[in-house]
Undergrad: 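Okay, handing you the structure first.
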Amino acid sequence: MAPKLKLIYFDARSRAEVSRLLLALAGQKYEDVRISKQNWPEEKPKTLFGQVPMLEVDGVLYAQSVAIEAYLAREFNFYGKSPLDQLKVDQVVQLNQEYRAKAMTALKERDEARKAELMKNVKEVESPLYLGFLEKLLKENGTGYFVGSSLTYADISTYDNIFAFTTRGSFVTRPNDDLPFLKELFNIVENNERIKAYLASRKQTET
């Protein structure tokens, strides 16, 4: 029997969206609880570590976004078929986390001159570097996917990370012919029937 799930986060994509995409891909029903900024001071003391997202599994709360994503990927068979597959998945996910950290450092910088410098570096140096790494891994696997020949957590993590950066900070544009393997991955993800339905109904938010 599938677990009873409740995903708790702000009214945003950000650190909950990979989990939402995995749940959509699995066709899994869950309660999507969204906390407003106004209610956050009241809700924060109820969290495990003073932060969200959290995932409630059969009435028990768990936290940390990557841990939640990994659990969902394992639970619904999007983590590959062997320990080596899981290593390959983790490799891609952690690469995306590194890339995200560079971008978030720039976005959160308060000094405008320093922020402009960091943003320029992410756009001109870090983005080409990390996108190049991801493109290379897709090319080497040769199936259109990062691991095996079907969608995994690695593909969903990459799709969401790059999508976020096309809408926030303008670090990158949607992958085009300069990144043919990433371009094809975007098409594969967005044309999956369950993902396509989710994206069509997804609430539009700033982040």
Side-chain angles (χ1 to χ4, degrees), residues 7 9-25 34 51-53 64-66 68-70 72-73 78 89-139 141 144-147 151-192 195-196 198-200 202-207:
L7 184 63
Y9 193 57
F10 300 116
D11 190 15
R13 296 186 309 273
S14 196
R15 292 202 174 269
E17 196 61 15
V18 171
S19 292
R20 293 190 187 117
L21 287 164
L22 288 168
L23 287 161
L25 184 60
R34 302 200 177 209
Q51 60 190 26
V52 286
Q64 296 295 328
S65 58
V66 176
I68 291 168
E69 294 163 10
L72 294 172
F78 301 126
V89 169
D90 288 340
Q91 175 179 247
V92 173
V93 170
Q94 291 189 35
L95 199 60
N96 283 317
Q97 290 295 314
E98 281 186 15
Y99 181 21
R100 180 187 180 90
K102 303 271 187 181
M104 293 309 295
T105 296
L107 286 167
K108 291 180 178 180
E109 176 60 50
R110 294 185 178 182
D111 180 88
E112 290 301 322
R114 176 61 176 159
K115 182 171 185 173
E117 180 183 336
L118 290 172
M119 294 279 278
K120 183 174 186 293
N121 181 67
V122 172
K123 186 173 182 179
E124 297 180 4
V125 179
E126 302 296 351
S127 288
L129 178 67
Y130 282 95
L131 294 176
F133 289 153
L134 293 165
E135 179 79 1
K136 181 173 183 287
L137 289 172
L138 280 171
K139 182 178 181 180
N141 194 44
Y145 306 90
F146 282 108
V147 181
L151 284 171
T152 66
Y153 174 24
D155 303 304
I156 298 302
S157 169
T158 300
Y159 171 79
D160 182 66
N161 209 38
I162 296 175
F163 179 88
F165 294 153
T166 65
T167 58
R168 187 178 186 188
S170 300
F171 298 128
V172 294
T173 58
R174 185 183 175 90
N176 53 34
D177 291 339
D178 294 333
L179 297 165
F181 292 94
L182 282 168
K183 178 183 177 181
E184 180 58 22
L185 179 67
F186 260 57
N187 290 333
I188 289 171
V189 172
E190 291 180 340
N191 284 301
N192 175 275
I195 294 291
K196 188 174 183 177
Y198 170 73
L199 293 177
R202 177 168 67 178
K203 182 177 181 180
Q204 298 302 309
T205 57
E206 291 183 4
T207 61

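These numbers come from the heavy atoms of this one structure, side chains and all, not from hydrogens, waters or symmetry mates. The structure displayed is predicted, hence computed values, not measured ones. For the single chain, residues carry numbers from 1 onward in sequence order.
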Undergrad: Does Lys139 come within less than 4.0 Å of Glu184, counting only side-chain N to carboxylate O?
TA: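 Salt bridge: no.
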Undergrad: For Gln64 and Val66, indicate whether the former's side chain and the latter's backbone hold a donor-acceptor pair under 3.5 Å.
TA: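 Side chain of Gln64 to backbone of Val66, a donor-acceptor pair under 3.5 Å: no, none is there.
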Undergrad: Answer yes when Glu17 and Arg202 have at least one side-chain N-carboxylate O distance shorter than 4.0 Å, and no when they do not.
TA: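 Yes, charged N to carboxylate O under 4.0 Å.
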Undergrad: Spell out, as yes or no, whether a donor-acceptor pair under 3.5 Å connects the side chain of Ser157 to the backbone of Tyr153.
TA: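 Not confirmed, Ser157 side chain does not pair with Tyr153 backbone.
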Undergrad: With a 3.5 Å distance limit and no angle check, can you tell me whether Asn191 reaches the backbone of Asn187 through a side-chain donor-acceptor pair?
TA: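 Present.
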Undergrad: Does a salt bridge link Asp160 with Arg13, judged by any charged N lying under 4.0 Å from a carboxylate O?
TA: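 No, this pair does not count.
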Undergrad: Please check if the side chain of Asn96 supplies one atom and the backbone of Val92 the other of a donor-acceptor pair under 3.5 Å.
TA: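 The answer is yes, because a donor-acceptor pair under 3.5 Å joins these two groups.
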Undergrad: Indicate the atoms forming the closest heavy-atom contact of Phe10 with Arg20, along with that distance.
TA: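 Distance-wise, the nearest heavy atoms are O-NH2, 3.6 Å.
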Undergrad: Looking only at atom types and distance, does a side-chain atom of Lys115 sit under 3.5 Å from a main-chain N or O of Leu107, one as donor and one as acceptor?
TA: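 Confirmed, Lys115 side chain pairs with Leu107 backbone.
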Undergrad: Between Asp11 and Lys203 (salt bridge meaning N to carboxylate O under 4.0 Å), is one present in this structure?
TA: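 So Asp11 pairs with Lys203 through a salt bridge.
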Undergrad: In terms of side-chain heavy atoms, does Tyr9 have a donor or acceptor partner in Ser14 at a distance below 3.5 Å?
TA: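 Indeed, the side chains of Tyr9 and Ser14 share at least one donor-acceptor pair under 3.5 Å.
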Undergrad: Ring pair (Phe, Tyr, Trp, His ring centres under 6.0 Å) for Tyr99 and Phe165? Distances and angles first, verdict last.
TA: CA-CA 10 Å; Tyr99 181 21; Phe165 294 153; 4.9 Å; yes
Undergrad: Are Leu199 and Ile195 close enough that some pair of their side-chain heavy atoms sits under 4.5 Å apart?
TA: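 Leu199 vs Ile195: side chains touch.
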Undergrad: Is the backbone N or O of Val122 less than 3.5 Å from a side-chain atom of Ser127, with the two atoms forming a donor-acceptor pair by type?
TA: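 Yes; at least one donor-acceptor contact below 3.5 Å.
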Undergrad: Quick check against the 3.5 Å criterion: does Asp155 have a side-chain atom that pairs as donor or acceptor with the backbone of Phe146?
TA: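 Yes, Asp155 side chain to Phe146 backbone: donor-acceptor pair under 3.5 Å.
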